Protein chains: 2
Amino acid sequence: MAARDNGISSMLFRNVMAKKLNLNLTESVCLTLLGINKVSTPSQIAKYTGLTTGSTTTMLDRLEKKGFIKRKLNPKDRRGIIIETDTKYSDVTSAMVVSVQKAHKKLISKYSEKELKIIEDFLSKFTNNMNTAAEEIEG
Amino acid sequence: MAARDNGISSMLFRNVMAKKLNLNLTESVCLTLLGINKVSTPSQIAKYTGLTTGSTTTMLDRLEKKGFIKRKLNPKDRRGIIIETDTKYSDVTSAMVVSVQKAHKKLISKYSEKELKIIEDFLSKFTNNMNTAAEEIEG
DNA sequence: TTTTATAATCAAGTATCTTGAAAATGAAGG
DNA sequence: CCTTCATTTTCAAGATACTTGATTATAAAA
């Protein structure tokens with residue numbers, strides 16, 4: 001239940017962030033994935049967001065217009081492109097999350113190395129369960 | 001980072017679930033919040049999803065038409081109504097999450113009571129940080 | 001070198017959202 | 001009591017975002 005509530009809160013946190021940045025949820029998700037280098041091409045973005053490639057194109061147009069991303073040539077495939085977040089994105093978001101990151105750091109500092117290991121172990125395995133299940137449901 | 005990845009995975013899991021149920025993200029979020037009794041009125045749904053009350057009305061129309069929710073009279077306020085999830089919702093979703101829940105239970109069973117206490121403590125405090133930050137950003 | 005597959009884009013139609021107003025009820029103050 | 005202001009939901013019109021299906025270009029395979 002604690003893990004579930006955590007997921008829900010992160011979702012609600014995203015809602016609030018997105019609203020503040022005048023982004024819709026899809027755009028926010030896209031930028032997050034780009035930010036941690038989970039994705040880097042429109043096709044991948046389409047896959048993870050669940051959008052069609054058509055809407056992905058127009059969504060990227062919007063993000064580019066707002067200055068959050070840039071389209072670059074893909075040296076390995078001349079059909080495709082590479083999407084990168086602009087520094088504007090990290091600037092704007094890091095200003096918003098500075099407070100919560102501070103709180104997180106403080107929280108983490110209260111646990112021993114051993115305890116943190118347990119927590120990290122649980123989280124990564126819990127995450128793995130979800131990823132596996134998502135693939136199952138999808139396929 | 002593990003906690004962050006967990007949040008992202010739960011988001012991607014939601015995308016997959018929603019797609020499978022022919023729901024958009026907003027509808028999925030709404031049903032989740034209703035399912036755990038975090039919200040029960042259109043106003044609350046509007047607040048947490050970030051929708052206007054107008055779109056909330058039409059979204060609830062869609063969910064009602066699909067048989068996932070029901071509108072009921074609010075005995076405590078005759079201006080408002082109470083939203084409840086229909087059994088159809090829990091039936092459909094529980095079938096989809098049965099596999100991942102099994103995996104989660106198995107994972108949990110591998111930790112001692114003491115370890116679980118640490119994990120639960122961390123998660124609830126981490127969640128709390130996000131809730132607090134969300135309120136700060138919002139206000 | 002022909003065929004088939006993949007990547008991104010575009011145009012037209014559909015769905016979903018916002019804005020602003022309406023109707024009904026509640027709450028507060030004289 | 002009753003006037004005023006706030007709250008809850010709904011609605012209509014317009015704006016925004018999405019899907020579908022086609023197009024162009026390149027890659028990969030036969």
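Naming: A, B, ... by sequence-line order, numbering from 1 per chain. From a predicted model like this one, the values you see are computed outputs, not experimental measurements.
Distance, L23(B) CG to dC17(C) P: 12 Å, rounded to whole Å. Computed from coordinates, the N22(A) CG to dT16(D) C1' distance equals 13 Å when rounded to whole Å. A straight line from CE of M59(A) to P of dA15(C) spans 22 Å, rounded to a whole angstrom. Atom CD of E27(B) and atom C1' of dT16(C) are 9 Å apart (whole Å). The CG-P distance, from N24(B) to dT16(D), rounds to 19 Å in whole Å. The NZ atom of K47(B) sits 15 Å away from the C1' atom of dT7(D) (whole-angstrom rounding). At whole-Å resolution of the value, CG in L73(B) and C1' in dT25(C) are 13 Å apart. Rounded to an integer number of Å, the gap from R62(A) CZ to dC17(C) P is 13 Å.
Note on ring orientation: taking the six-membered ring where Trp is involved, the planes of F122(A) and Y111(B) are perpendicular (angle over 60°, cut-offs 30° and 60°). Between F68(B) and Y89(B), the ring planes lie perpendicular to each other; the angle is over 60°, past the 30° to 60° tilted range.
Formation of a donor-acceptor pair under 3.5 Å by the K125(B) side chain with backbone atoms of L107(A) is not found in this model.
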### Message
Could you go through D61(A) and R71(A), starting from their C-alpha distance and side-chain angles, then the distance that decides it, and tell me whether this counts as salt bridge (Lys or Arg N to Asp or Glu O under 4.0 Å)?
### Response
CA-CA 9 Å; D61(A) 288 345; R71(A) 281 177 164 93; 3.0 Å; yes
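Each of L51(A), L33(A), V29(A), L60(A) was checked for a side-chain contact (heavy atoms from CB on, under 4.5 Å) with I45(A), and the lone residue meeting it is L60(A).
OP1 or OP2 of dT8(D) has not a single side-chain nitrogen or oxygen of R78(B) nearer than 4.0 Å.
A chain of hydrophobic side-chain contacts below 4.5 Å, direct or via other Ile, Leu, Val, Met, Phe, Trp or Tyr residues, connects M11(A) to L34(B).
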### Message
Treating primed atoms plus P, OP1 and OP2 as sugar-phosphate and everything else as base, which nucleotides of nucleotides 7-14 of chain C get B, S or - for protein heavy atoms under 4.0 Å?
### Response
SSBB----
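When each of T52(A) and K76(A) is assigned the nucleotide of DNA chain D bearing its nearest heavy atom, the one mapping closer to the 5' terminus is T52(A).
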